[in-house]
Amino acid sequence: MPAITVGDVLTLPSVGEVQPQAREREVVSVTTAPRGYEGEGFPVRRAFASVSLAALDPFIHMDQMGEVEYAPGEPKGTPWHPHRGFETVTYMLDGVFRHQDSHGGGGLITNGDTQWMTAGAGLLHIEEPPEEIVMKGGLFHGIQLWVNLPSQQKMTTPKYQDIRGGEVALLRSPDGGAYLRVIAGEVAGHAGPGSTHTPITVAHATLSPGAQLRLPWQPDYNALVYVLAGSGSVGLDGRPITAGQLAVFGPGDVVSLGADRTQESRSPEMEVLVLGGRPIREPIAAYGPFVMNTKEEVYQAFEDFQAGRLGTVPSDDHPGHDVL
């Protein structure tokens, strides 16, 4: 799991010590992500399964894609499909993924890169490994996160952000036992490169065995920690958590987590995603690739898609990829 690694962690800016008067966030729940398949058949873990939308708001859905070692000819993606009313954020840890959309966005992402697509009023897109990766196989591991848009921005013009891994803000814990990559939003006053429509923070933290991490957190944000690899604990009471599990925190100013002193050889460090945002608190009507506020808006999205108003597949796309 290379993403973006750091040689000398102590050269990074520190998140600083948490103020004594800060309120520790208690852990509300720890849930285990079930396994499933997406697109043309690549394995995923449904990180938010069985967690209420109210606890996740403004996030809607998250898949951990892989971790899987593909043999030659096995890598898979998704065919052309539509979206409206939200954003998809694809963060690659290992491997290479190609994105293309009907609004002109697209490109390749690899270790530590992020594709941030604002579907807004609607578009078509495709995600797949490039042909040379399909031919030779290899390790594939990433995250796709869905971020809701408030009602007044659901029909915004589609937008694409290509965030290179080297652009993220890098921070460390005071003792250097952990470091963070801030992709969007900010942690301890240090902002990531991602531009967001509502106030959110998306960060990836690596904790060495036995390391502790206490993060100052916006009190009006929710707080979620998903374990990508390794094992440890969350909250001051040290609730156990391991790979494929999501912790939901209650209100407060500080998110605390720690890595177990002994980790598996295949996951020598604890890797987590730390997510939070200011809840939108609006009705959600979601079906398939559309996330709107009412059922009528979802019906309209289907009608617009079927009428070709969400875009068309670019003529230079590879043959054989049809819109669902």
Side-chain angles (χ1 to χ4, degrees), residues 1-7 9 12 15 27 30-33 35 43-48 59 62-69 89-97 109-114 138-145 163 165-166 168-173 175-185 187 192 194 201-215 217 223-235 238-249 255-276:
M1 187 181 296
I4 295 300
T5 57
V6 178
V9 173
L12 302 177
V15 298
V27 177
V30 173
T31 54
T32 300
R35 299 181 185 274
V44 298
R45 298 197 72 161
R46 307 291 192 191
F48 293 166
F59 307 109
M62 188 168 78
D63 278 343
Q64 180 179 8
M65 305 181 295
E67 181 175 2
V68 59
E69 183 79 40
V89 181
T90 305
Y91 175 51
M92 284 301 293
L93 297 160
D94 297 283
V96 183
F97 223 30
I109 54 172
T110 185
N111 306 336
D113 296 337
T114 301
L139 187 59
F140 176 79
H141 191 193
I143 288 289
Q144 184 166 102
L145 172 69
I163 303 171
V168 301
L170 297 173
L171 306 172
R172 64 173 171 86
S173 60
D175 65 359
Y179 65 95
L180 290 89
R181 310 154 188 86
V182 184
I183 298 167
V187 175
T201 294
V202 178
H204 171 193
T206 298
L207 286 75
S208 300
Q212 301 292 313
L213 180 60
R214 299 188 71 206
L215 293 176
W217 209 249
L224 311 166
V225 169
Y226 180 75
V227 182
L228 297 164
S231 61
S233 60
V234 284
R239 189 159 175 178
I241 193 168
T242 191
Q245 292 188 315
L246 175 78
V248 176
F249 290 77
V255 172
S256 292
L257 56 152
D260 288 343
R261 292 189 177 278
T262 301
Q263 301 286 335
E264 292 183 356
S265 58
R266 63 192 181 114
S267 302
E269 297 175 303
M270 185 182 182
E271 305 279 354
V272 302
L273 280 182
V274 187
L275 310 170

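One is the number of the first residue; the rest follow in order along the sequence.
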Q. Quick one: CD on Q64 to CG on L246, what's the gap to the nearest 0.5 Å?
A. 11.5 Å
Q) For G176 and V9, which heavy atoms make the closest approach, and how far apart are they? A) O-CG1, 3.6 Å
Q | Nearest heavy atoms of P268 and P209, plus distance in Å | A | O-CG, 3.4 Å
Q) Side chain of T201, backbone of L275: donor and acceptor closer than 3.5 Å? A) no
Q: Please lay out, stage by stage, how T90 and M65 fare under the test side chain to side chain contact (heavy atoms under 4.5 Å, CB included).
A: CA-CA 10 Å; T90 305; M65 305 181 295; 3.9 Å; yes
Q: Taking the side chain as every heavy atom from C-beta outward, state whether V202 and V89 have any atom pair closer than 4.5 Å.
A: no
Q. Would a distance-only check, ignoring hydrogens and angles, find a side-chain to backbone donor-acceptor pair under 3.5 Å from S173 to A178?
A. yes
Q.
Measuring from atom CE of M270 to atom CD of Q263, what distance do you get when rounded to the nearest 0.5 angstrom?
A. 7.5 Å
Q | Closest non-hydrogen atom pair between R181 and Y91, with its separation | A | CD-OH, 3.7 Å
Q) Nearest 0.5 Å, what's the CD-CD distance between E271 and E67? A) 10.0 Å
Q: State, yes or no, whether a side-chain contact exists between F48 and L145 at a heavy-atom distance under 4.5 Å.
A: yes
Q) Is the backbone of G177 close enough, under 3.5 Å, to the side chain of D175 for a donor and an acceptor to pair up by distance? A) yes
Q: Let me see the working for V274 and L180 under side chain to side chain contact (heavy atoms under 4.5 Å, CB included), right down to the final yes or no.
A: CA-CA 9 Å; V274 187; L180 290 89; 5.5 Å; no
Q | Derivation and outcome, side chain to side chain contact (heavy atoms under 4.5 Å, CB included), residues T110 and M92 | A | CA-CA 6 Å; T110 185; M92 284 301 293; 5.8 Å; no
Q: Begin with the C-alpha distance, continue with both residues' side-chain angles, and end with the deciding distance and a verdict on side chain to side chain contact (heavy atoms under 4.5 Å, CB included) for L228 and L273.
A: CA-CA 7 Å; L228 297 164; L273 280 182; 4.0 Å; yes
Q: Return the minimal non-hydrogen interatomic distance between R46 and A33, and the atom names on each side.
A: O-CB, 3.3 Å
Q. So do the side chains of V182 and V168 get within less than 4.5 Å of each other, counting heavy atoms only?
A. no
Q: Taking side-chain hydrogen bond (donor to acceptor under 3.5 Å, both in side chains) as the test, write out the residues that go with T32, two or more places apart.
A: Q245
Q. Excluding sequence neighbours, so at least two apart, what forms side-chain hydrogen bond (donor to acceptor under 3.5 Å, both in side chains) with D260?
A. S231
(Q) Between R172 (side chain only) and L12 (backbone N and O only), is there a donor and an acceptor less than 3.5 Å apart? (A) yes
Q.
Going by ring pair (Phe, Tyr, Trp, His ring centres under 6.0 Å), name the residues that satisfy it together with F97, two or more places apart in sequence or in a different chain.
A. F140
Q: To the nearest 0.5 angstrom, please state how far the CG atom of D94 sits from the CG atom of N111.
A: 5.5 Å
Q) What are the two closest heavy atoms between A259 and S208, and how far apart are they? A) CB-O, 3.4 Å
Q | Straight-line distance of Q212 CD to L257 CG, nearest 0.5 Å | A | 8.0 Å
Q: Scan D63, I143, V68 and name whichever one has a side chain to side chain contact (heavy atoms under 4.5 Å, CB included) with V44.
A: D63
Q. Between atom CZ of F249 and atom OG of S256, what is the distance when rounded to the nearest 0.5 Å?
A. 7.5 Å
Q. Of all heavy-atom pairs between I241 and A247, which one has the smallest distance, and what is that distance?
A. CD1-CB, 3.8 Å
